[in-house]
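Everything on this sheet refers to the single structure shown next.
What you see is a predicted model; the values in this text were computed from it and never measured. Within every chain, numbering begins at 1; the chains are lettered A, B, ... in the order of the sequence lines, protein sequences first and strands thereafter.
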Amino acid sequence: MHVKNLSDIPKAYEPKEAESKWYKFWEENNLFHSEIDEDEEPYTIVIPPPNITGILHIGHILNNTIQDVYIRYKRMNGYNACWVPGTDHASIATESKVINHLKEQGINKWDIGREEFLKHCHEWRNKYGGIIINQLRKLGVSCDWERERFTMDEHYSQKVLEAFVDLYNNEKIYRGYRMVNWCPATKSAISDEEVFYKEVNGKLWHLKYPVVDEDDHIIDHVVVATTRPETMLGDTAVAVNPNDERYKHLVGKKVLLPLADREIPVISDDYVEMDFGTGVVKITPAHDPNDYEMAQRHDIEIINIYNDDSTTNGNVPHEFQSLDRFVVRKKVVARFEEMGLLDKITDYTNKVGYSQRGNVPIEPYLSEQWFMKMDELVKPALEVVREGKVKFHPAHWIKTYEHWMDNIRDWCISRQLWWGHRIPVWYHNSSDEVYCGIEPPKDPENWTQETDVLDTWASSWLWAQDTFTNKEDQAYYYPTNLLVTAPDIIFFWVARMIIAGMEFMNDVPFRDVYFTSMIRDEQGRKMSKSLGNSPDPLDIIDEYGADALRFTISYISPLGQDVLFSTDKCEIGRNFANKIWNAARFLLMNAQEVELKDKLKEKHVDFADKWIMSRFQSALNDYNKAIDNFELNTATKVLYGFIWNDFCDWYLELIKNQIYSDDQEVKAAVLTRALSLFEDMLKMLHPFMPFLTEELWQLFDERKENESISVSAFPKFDELLIDKNAEEEIEFVKNVVTAIRNIRGEMNVPPSKAINVFMKSKPLSEIQQKYISSLGKIENLTVDENLEKPKASSSAVVKGADIFIPLEGLIDIEEEKARVVKEINRLEGMLVGVTKKLANENFVGRAPADVVEKEKKKKTDWENKVEKLKEILSDLN
RNA sequence: GGGGCCUUAGCUCAGUUGGUUUAGAGCACCUGCCUUACAAGCAGGGGGUCACAAGUUCGAGUCUUGUAGGCCCCACCA
């Protein structure tokens, strides 16, 4: 061991320089690249590929910090760690962005055509697509950059199409004219999962429809209640509940639909709720999924009134044609009012489905679409989660997953977009023949290719398997080990990856899934662009450092719980980094002039050394367990507590005696030990704080050119180093010192003033006395088993010792009495509890013997203390 | 309507299988310190009937049930 020469090491840790320096170093030395090595067990993570349209937000920071912690931890523990980065083409999101981008230049997607438009998409991707993934480097992620993938890479695209063809041939993909969620903004179908529901303060319009007899005479009126009055133009029936006495007589009669002027039947169906609205429902089969189903049950006509942008088509009366659906709404209501057919308008809040990307209300719409049949595909995927072959953390997500899988409907995978994987299907120009294959038909002039592309998730569902681009890699790295993701894409992505894994690989895609916390702002609101409450992670890194951010976010994010984040919380990490920096600085500065030798480690060892080693082993053990249990915040708390409290507050203070020793060998020995332990500490810390630990680790010794802590061996837990004896000895010293400091504090004795202390205790070793003297700032320490209490002194009783501090002139008798009385009261309070407990026959009889024993011991200890304190008190009187 | 999660100090949260004392940490607060690693620091201190109620148990912050409040997901009430 040979520490680097430090002429001017700064007083505070300065992250900026260290971060850029070491990331470059890691990349240049290719430390994070993984190749197949049959002698090593792989540990694989595929990154949740960020959208090429996305911006880096705090959620990415949490997500990628967690992945990096696991990858670095496993790498240091001897695994062949492989973290595959990449990006998602994000079909609908990107297409919207590019459309808007072109619009600004006065260009319309339809004018330039498919080929030209796709060129713009690729350009856009080349320009912006790598931003997030590059920004992640600032966070210190140890991805294998040689393996960076994109969901539209040639190989990957090929696999996406192969999957389609395969499922098509197995009749798990079909085409159908069905009602889908239609997004009028993007003019495309979207899946059920892409619809989100907003509570809207709307109205319920009550419309009167005339009932007519065979001769078209108006004999009555029925009132229907609707939230979308414009759809009445597509009504083809009116329905009531078969048990509704109010309307029984109307069933089978006809209603004359106003404005449209057509007669439509009154039918009865169980679906109708009698006590909602008026109990009469207008049926618009083309624009409502329930109505559509009812129409099929009753064989009712279906009239589509909309174009693909949800403007009205030729199926509505002339005056309403070619208008936006919300304009039509106003017009229809106005005309009803004119005709005296508007019964009333009431306020009504309901949930309206919105398109996630278009952010407009979706319209149920009938169209030709491609669907994936899910009922069979879901079965093995459900099973592997139930059996624990894929484990969810926290486990309660299993229920959500099961519920979705049990109620799954066929997946609409076609999108009327251009950016994405074009569906590999061709329609024959002069027959009904359909061709599906990777290669185009042999006589392309006779065929027309499907214009739709696939839902983005019908490509990213292969991410865990096809980011490995050859069979050998796939066999070695698949199944991957861990997936770290936000719970909001459990259906979109996690579930579908499991489905794909079971279907195409016949094995799970990953063994563990870590669902991250949802990051909210201080008021508990979601981070969002519109609220402007989402801090830019790069600004935080700039201000606090990447390590501080990584540590803080791990520290405050428990598994399975939302977390309230604010930038200034990063002080936790920054201050901790600084603390470590200064502890290192202290040791390094003192080691400058000393010759450190490994063989000195065993020399001049005392119980403080044994204690800190013992504590370190416990911390290491707790840390390993926490990582295994996916409790990263626990791991950070273990680190924080051990390093700050045990190592810095106590150990470094204890060994100052030896560090300042005139005996060079004593000094060298203690510094060798401390630095060696510190090195292990740095390794433990490295997965969370890679930059700081690399910076310090490089200072601790002369390293080889490409040597890095990131590929060094992680410390191994050694139970033999746990030393309860040493822990007790230090515990005693700590208790005595704390009691003395307490008196100093309460009596306002300045820290600079040395005091005399008398201890009534069995003889103490020289080293114990030294420790107590230096930490208590004691001039003369007298230890005697038969000590008489000195006059005018302040006292304390700890286990194994009575402590007296003569404070002539400084002591106020009344104050001192109050102090002692307070302590007696505290102890007596505790004694009441334990005495009661021990008097309880049931407790003594039924509780385990060791528990009872403990209680008894507590009781005698406290009784002793109280007795002594009472003596002290009576002396004061 | 179904399901999940949460409620512990002024604030943000720990508290693993029920059994170390009268429940911990950080921030904030009070007192004293620029003690030659660190004021982004050191030492000491105050502060909580663990949301409420009942139950199980020798023993409940921890398990069960109910009540109140908050958050989220799913579901076709027009």
Select one nucleotide: of [options], the one nearest the side-chain heavy atoms of [X].
X      : options             : value
A/N578 : B/C38, B/C73, B/A78 : B/C38
A/V272 : B/G26, B/A78, B/A37 : B/A78
A/F276 : B/C13, B/A78, B/G19 : B/A78
A/P751 : B/C77, B/U35, B/U22 : B/U35
A/K579 : B/A14, B/G44, B/C38 : B/C38
A/D562 : B/C71, B/A78, B/U21 : B/C71
A/N290 : B/A75, B/C76, B/C13 : B/C76
A/N748 : B/A78, B/U31, B/A37 : B/U31

Of the non-hydrogen atoms in [X] and [Y], which two are nearest, and what is the gap between them?
X      : Y      : result
A/G353 : A/V195 : CA-CG1, 3.8 Å
A/S557 : A/V563 : OG-CG1, 3.7 Å
A/P394 : A/F515 : CD-O, 4.2 Å
A/I519 : A/I58  : CG2-CG2, 3.5 Å

Atom-to-atom span, [atom1] of [X] to [atom2] of [N] - whole angstrom:
X      : N     : atom1 : atom2 : answer
A/W581 : B/A37 : CH2   : P     : 16 Å
A/F586 : B/A37 : CZ    : P     : 5 Å
A/Y544 : B/C27 : OH    : C1'   : 13 Å
A/E855 : B/U21 : CD    : P     : 9 Å
A/F576 : B/G41 : CZ    : P     : 12 Å
A/R520 : B/C71 : CZ    : C1'   : 6 Å
A/R741 : B/G32 : CZ    : P     : 19 Å

Using a cut-off of less than 4.0 Å, is there contact between a side-chain N or O of [X] and OP1 or OP2 of [N]?
X      : N     : result
A/Y348 : B/A78 : yes
A/Y660 : B/A37 : yes
A/K822 : B/G46 : yes
A/W644 : B/C42 : yes
A/N742 : B/G45 : yes

Does either side chain, that of A/D270 or that of A/N241, offer a donor lying less than 3.5 Å from an acceptor on the other one?
no
Is there, by distance only and without an angle test, a donor paired with an acceptor across the side chain of A/E746 and the base of B/A43 below 3.5 Å?
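Donor-acceptor pair under 3.5 Å: no.
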Is there, by distance only and without an angle test, a donor paired with an acceptor across the side chain of A/K11 and the base of B/C38 below 3.5 Å?
no
Return the set of residues passing side chain to side chain donor-acceptor pair (under 3.5 Å) with A/K198 (not counting sequence neighbours), or none when no residue passes.
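Expected list: none.
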Dot-bracket pairing map - RNA chain B, Watson-Crick plus G-U, both contacts under 3.5 Å, | cross-strand
(((((((..((((.....[....)))).(((((.......))))).....(((((..]....))))))))))))....
Using the P atom as the reference point in each nucleotide, state the distance between B/A9 and B/G61 in Å, no decimals.
15 Å
Give me the distance, rounded to whole Å, that separates B/U22 from B/U8 when you measure between the C1' atoms they each carry.
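It works out to 15 Å between them.
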What orientation do A/F576 and A/W644 show, parallel under 30°, tilted 30 to 60°, or perpendicular over 60°?
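Ring orientation of A/F576 relative to A/W644: parallel.
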